[in-house]
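Take a look at the structure below.
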Amino acid sequence: MEADIRGDLICWTFSSWDGCRRVKEQAHGYTGPYEPILLACRPLEYAGGVSVTLDGFAKLYSQRQVNVQKCIYSESPGLFIGAGLDYGLSPLWSDLIKELLVACHATLPTGSLNCPQQARVAKEANETEYKRIILDRFKDWDNLIQKAVTKLHLLPLSTVVTTNYTGAIRDALSHQYFSVKALPDINEHDLAGNPKTIFHIHGLLEGATAASFCVILSEDEYEQYYGPTGTVENFLMAYFKGRNVVFMGFSFDDPFIYTILLKIKELEDKYSKSSSGAFNKPSRYALMGLDFSEVKTKGSKKTILDVSYVQQIEERLENIGVVPVWYDSSDKHHRLSTLIDEWFREANKNNPTIEEERITYDG
């Protein structure tokens, strides 16, 4: 165990879970499992809970950024993109559903409902307004707002799967000649075709009307395309099986996709135990943003984050065989754009390309 005293914060680095647990028990009377991560805690009277310093956190998890960079440039992973990469282009899932509930004059029943269930309540209250709001919110967007989307062309991509409704990804990859397939024309057999394909598994709303409206958002729409006979579920089972995948902008709050990943991990664990030879499980990484907050200590500022949140996400993703790769998202996810730039330059530092010149020109 090592200590690094910074002002009135004491940063401890542990080599074992037990060491981490013992100090937290002594300081806060709390017991439970913890990762061997860098902790920053004040003396016993500190009431804010144990937190992680940004510097220490970044050092500890920097190896994961190296690993995902190697995966992207050496292992030809598939890319799975969620709404987070459309940040600023279109409403986030939770915000959209709140708007739908208000516009459709829907009243939620008592009890806890997940997002698809809430969307179903709104749709059943007023399906015409439900479609109108969704079409209106996704018909116009400016892909210059979210820099992370515009940087995708720097990555050596093959198959891209997205839950997003906009064409921003296609535009970002326009010079790489990706084809596009969207719901309802999604089939697992499509994966054997052109590897440079963008699959909009939850629909694509460009040019859509109320008559051609086809998305997955509400519970009944999920039930139509997921489940044992659902075309999207069969597609994703085939997509994830044996494939290296990097997730971007995806929170894993989608209960249907999370369940599919659980099934995939169970199959891989079962095969790994029964296989007589070596079985290399696919690499799966998720770029996860953390919004760091600042606190003042004796006139100076320190950036901290809550260990319990990090641990919660770590455990949730470990259950589905996905490794989180953390980055600071407090600047509206622009750090993700910077990371992609850095990875590209590192991979091409001895081999300048047209794309690298374009980066210099764009500044």
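Just so it is clear, the model here is predicted, and its values are computed rather than measured.
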- Task: Using a cut-off of 6.0 Å, state whether more than 12 heavy atoms not belonging to Lys98 lie near its atom NZ.
- Result: no
- Message: Under the rule for side-chain contact (heavy atoms from CB on, under 4.5 Å), what residues qualify as partners of Glu268, not counting sequence neighbours?
- Response: Ile264, Phe279, Pro282, Arg284
- Expected output: side-chain Gln117 to main-chain Asn114 donor-acceptor under 3.5 Å: yes
- Message: Set out, in order, the CA-CA distance, both residues' side-chain angles and the distance that settles side chain to side chain donor-acceptor pair (under 3.5 Å) for Asn319 and Glu315, then state yes or no.
- Response: CA-CA 6 Å; Asn319 290 338; Glu315 292 177 353; over 6 Å; no
- Message: Please tell me whether Leu108 and Val102 are part of a single hydrophobic cluster in this structure, the criterion being side-chain heavy atoms less than 4.5 Å apart.
- Response: no
- Run the ring-centre check on Phe252 versus Tyr258 and record whether the distance is less than 6.0 Å. no
- Do any N or O atoms from the side chain of Asn164 and from the backbone of Thr166 form a donor-acceptor pair under 3.5 angstrom? no
- Message: Could you check whether any side-chain heavy atom of Val215 comes within less than 4.5 Å of a side-chain heavy atom of Phe138, counting everything from C-beta outward?
- Response: no
- Thr338 vs Tyr327 side-chain heavy atoms within contact, under 4.5 Å: no
- Task: To the nearest 0.5 angstrom, please state how far the OH atom of Tyr226 sits from the OG1 atom of Thr259.
- Result: 10.5 Å
- Message: Donor-acceptor pair, distance only, cut-off 3.5 Å: does the side chain of Asn348 make one with the backbone of Phe344?
- Response: yes
- Item | Any Phe235 side-chain heavy atom under 4.5 Å of Val161 side chain | yes
- Just wondering, do Trp93 and Asp254 contact through their side chains at under 4.5 Å, heavy atoms? yes
- Query: Are any of the side-chain heavy atoms of Ile201 and Leu236 separated by less than 4.5 Å?
  - Reply: yes
- Of all pairs that satisfy salt bridge (charged side-chain N to carboxylate O under 4.0 Å, His left out), the ones with a partner from residues 217-232, not counting sequence neighbours: Arg120-Glu219, Arg120-Glu223, Lys123-Asp220, Lys123-Glu221
- Message: Atom NZ of residue position Lys281 - does it have more than 12 heavy atoms of other residues, nucleotides or ligands inside 6.0 Å?
- Response: yes
- Check side-chain hydrogen bond (donor to acceptor under 3.5 Å, both in side chains) between Lys263 and all other residues, then give those that pass, not counting sequence neighbours. Glu233
- Sequence neighbours left out, what passes side-chain contact (heavy atoms from CB on, under 4.5 Å) with Asp190? Give chain and number order. Lys181, Asn187, Phe199
- Item | For Ser283, side-chain contact (heavy atoms from CB on, under 4.5 Å) partners two or more places apart | Cys71, Glu75, Asn244, Tyr285
- Message: Between Thr163 and His202 (side chain of the first, backbone of the second, donor and acceptor by atom type, cut-off under 3.5 Å), is there such a pair?
- Response: no
- Yes or no on side chain to side chain donor-acceptor pair (under 3.5 Å) for Thr197 and Ser179, after CA distance, side-chain angles and deciding distance? CA-CA 5 Å; Thr197 301; Ser179 62; 3.0 Å; yes
- Task: Taking ring-ring contact (aromatic ring centres under 6.0 Å, His included) as the test, write out the residues that go with Tyr239, two or more places apart.
- Result: none
- In Leu287, Val325, Leu261, Leu317, the residue satisfying side-chain contact (heavy atoms from CB on, under 4.5 Å) with Phe247 is Leu261
- Exam field: side chain Glu124 to backbone Ala106, donor-acceptor pair closer than 3.5 Å: no
- Glu266 bridged to Lys270 by N-O distance under 4.0 Å: no
- Out of curiosity, does Val66 fall in the hydrophobic cluster containing Ile72 (side-chain heavy atoms, cut-off under 4.5 Å, transitive links)? no
- Rounding to 0.5 Å, atoms CG (Leu173) and CG (Leu157) come to a distance of 6.0 Å
- Lys273 bridged to Asp269 by N-O distance under 4.0 Å: no
- Determine yes or no for a side-chain-to-main-chain donor-acceptor pair under 3.5 angstrom, with Arg243 supplying the side chain and Pro77 the backbone. no
- Message: Strictly distance-based, threshold 3.5 Å: is any side-chain N or O of Ser218 a donor or acceptor partner for the main-chain N or O of Pro116?
- Response: no
- Query: Hey, what do you get for CG (Leu152) to CE (Met248), rounding to the nearest 0.5 Å?
  - Reply: 6.5 Å
- Task: Look only at the side chain of Gln176 and the backbone of His153, and say whether a donor-acceptor pair between them is shorter than 3.5 Å.
- Result: yes
